[in-house]
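Structure first, commentary second.
Naming: A, B, ... by sequence-line order, numbering from 1 per chain.
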Amino acid sequence: MSAASAPKTPILHVDMDAFFVSVAIRDRPELRDVPAAVGGGPRGVVTCANYAARAFGVRSAMSGVQARRLCPPLVSVPLDHDLVSQVSAAVREIFGRFTPSVEMVSVDEAFLDVRSAVRLLGSPVTIAERIRAEVLAEQRITCSVGVAMSRGVAKVASRHAKPDGVVVVPPEELTTFLHPLDVGELYGVGPKARARLHRLGFSTVGDLATTPLPVLVQALGPGSAARLHRLAHGTDGDGRSAPRRPLETDRSIGAQETFGRDLHAGRDRAAIVSELLRLSARVGRRVRAAGCVGRTVTLTVRFADFRTITRSRTLTQPTDVTQEVHATAVGLYDALSVGDDSRLRLVGVRVEGLLPRERTPRQGMLGERRRGWRDADLAVDRAVERFGKGVVGPASLLR
DNA sequence: TCTGGGGTCCTAGGACCC
DNA sequence: TCTGGGGTCCTAGGACCC
């Protein structure tokens, strides 16, 4: 069948295998077959485990303690943000050789609409194998590819292809492939939704697919019902449908950090305020680098018992000024009615409602004071760019 | 020595306006 | 004076994904 007359177009979902750890160890051949993971510090969790570690049961989001209990020889490797971005961009460039329609969904995965490529380059499977070969040859990491007529099915297929493989789900095999799967395999169905669906009697994708939509709406509400109905039928959008919303700019930029030890809300206020400054500075720099301003500042506080709350305030004027972000965050912190004895595990700062700076009319009379803060920020940004992080920072962080 | 950090999206209630 | 409804913004929480 020719691509032009095809009722739908094949979608490739390409997913790097254990991306973060693969990148971290690709220049360390001695670790190739050794269990290794990124993350998993004293108070941390495993960010990404390689397949040797997964053989021991080590999984992402597992605490470092538990991972080491399962796999004593586990080697911890540091995450190299810059290298990850670099490899991600290189992989993105490889995808671009095969089709102009590439939608990166994160650093390590993408949807490719190969409609225009099949005539020139061969079947989707052939294209998938060529992509994998070029990624391996140039970046020395492996990836897996799912091929199907919809995004949702391609995504499930790539997971089944892992590691280092290809899974194709032609239309005539859709039901055989999809229906026996647990509902938890569908994109967007996490542990909570899965448990709820199981309680309602929907254990497999087939259970969903064979239930009339109105019945699903009754049980799940219109939004979830429609989404799951489409996913279960493999009709959640082919390459023709536009990506949900092209990400021109980020919607929000934030930073958070777990303390090395829990802090007391009252007694350690100074340390908390200073941590909020560090986080605000990090966020402010990224907001300015993105050429944005944001309207809402959100403070996150996690207590020792892991209860987590957020408090937000919308400013009258969007900002990219570190000092304003920090002042707002501290105001939100001081307005919390937590006992001085509360123990805090983490604080975070996020700027939301981002808009391109040049598209934001600045109301006249920008105060002298405010302009001064912003000029100081820009000077710091330039210094950081030249000399690296840690060289320049707010004076109150120096001790 | 349980449980990171970066995000997006959805829901729901209340305020406020028309 | 009473009654009604729709739309939007703000805030808080939570599910989910990588």
Side-chain angles (χ1 to χ4, degrees), chain A residues 13 15-21 23 37-49 59-70 72 76 78-79 81 84-85 88 104-110 151-152 155-156 158-159 162 184-197 220-228 231 243-247 249-262 279 282-283 286 290 295-316 328 332 335-336 345-354:
Chain A
H13 182 256
D15 201 336
M16 302 298 121
D17 297 326
F19 186 55
F20 292 96
V21 66
V23 167
V38 168
R43 299 192 97 189
V45 298
V46 172
T47 298
C48 183
R59 294 287 180 273
S60 293
M62 178 178 280
S63 79
V65 177
Q66 194 185 353
R68 228 157 286 275
R69 205 155 40 213
L70 288 170
S76 224
L79 175 61
H81 276 108
V84 163
S85 307
S88 179
M104 292 296 287
V105 257
S106 70
V107 285
D108 70 336
E109 60 177 303
R151 291 161 181 272
K155 172 118 179 133
V156 176
S158 72
R159 199 182 312 139
K162 283 179 171 295
E185 293 222 33
L186 295 177
Y187 183 82
V189 178
K192 305 279 181 180
R194 177 180 181 273
R196 180 168 146 71
L197 288 169
L220 308 167
S224 303
R227 191 172 51 83
L228 290 177
L231 282 170
R244 288 147 309 200
R245 205 172 353 166
L247 283 177
T249 64
D250 291 331
R251 308 254 188 277
S252 70
I253 290 175
Q256 58 179 53
E257 212 159 279
T258 299
F259 302 125
R261 59 171 181 86
D262 295 341
L279 295 170
R282 201 186 296 168
V283 169
R286 290 178 51 209
R295 294 194 60 217
T296 304
V297 176
T298 300
L299 168 77
T300 300
V301 171
R302 176 168 297 153
F303 298 96
D305 64 3
F306 231 70
R307 190 168 59 91
T308 306
I309 61 170
T310 62
R311 292 293 179 268
S312 62
R313 180 173 301 160
T314 298
L315 309 170
T316 49
T328 308
L332 289 166
L336 291 176
R345 177 186 177 86
L346 161 152
V347 290
V349 176
R350 176 166 297 275
V351 173
E352 304 176 349
L354 296 182

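- Across every strand in view, B:dC18 sits in a pair with C:dG5 that passes the Watson-Crick or G-U test at under 3.5 angstrom.
- Residue-level contact check: A:Arg69 touches neither bases nor backbone, having no heavy atom under 4.0 Å from any strand.
- With distances taken from any side-chain atom of A:Ile309 to the nucleotides C:dG13, B:dC9, C:dC18, the minimum falls on C:dG13.
- Between C:dC18, C:dT11, C:dC16, one nucleotide has an atom nearer to the side chain of A:Lys192 than all others, and that is C:dC16.
- Distances shorter than 4.0 Å separate some side-chain N or O of A:Thr258 from OP1 or OP2 on B:dG5.
- Of the possible polar contacts, none joining the A:Ser88 side chain to the A:Val84 backbone as a donor-acceptor pair under 3.5 Å is found.
- Look at A:Ser312 and you won't find any side-chain N or O under 4.0 angstrom from OP1 or OP2 of C:dC10.
- The nucleotide whose nearest atom lies closest to any side-chain atom of A:Arg43 is, among B:dG4, C:dA12, B:dT3, B:dT3.
- Within 4.0 Å of A:Ala193, counting heavy atoms only, lie sugar-phosphate atoms of the nucleic acid but no base atom.
- A:Thr310 and A:Thr300 share no donor-acceptor pair across their side chains, judged by distance under 3.5 Å alone.
- Nearest to the side chain of A:Thr314, among C:dC10, B:dG6, B:dC9, sits C:dC10.
- Residue A:Arg311 has a polar side-chain atom (N or O) positioned under 4.0 Å from OP1 or OP2 of C:dG13.
- A stacking contact between A:Tyr187 and C:dC17 is absent: the pair does not combine a ring-centre distance of less than 5.5 Å to the base's six-membered ring with planes differing by less than 30°.
- Listed for the A:Arg159 side chain is a donor-acceptor partner under 3.5 Å among the backbone atoms of A:Glu185.
- Using a 4.0 Å heavy-atom criterion, one finds that A:Gly39 contacts no nucleic acid atom at all.
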Using side-chain contact (heavy atoms from CB on, under 4.5 Å), reason through A:Leu336 and A:Ile309 one step at a time and then give a plain yes or no. CA-CA 10 Å; A:Leu336 291 176; A:Ile309 61 170; 3.6 Å; yes
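- For A:Arg302, no side-chain nitrogen or oxygen approaches OP1 or OP2 of B:dT3 to under 4.0 Å.
- Residues A:Gly188 and A:Arg295 each lie close to DNA chain C; by heavy-atom proximity, the contact nearer the 5' end of the strand is made by A:Arg295.
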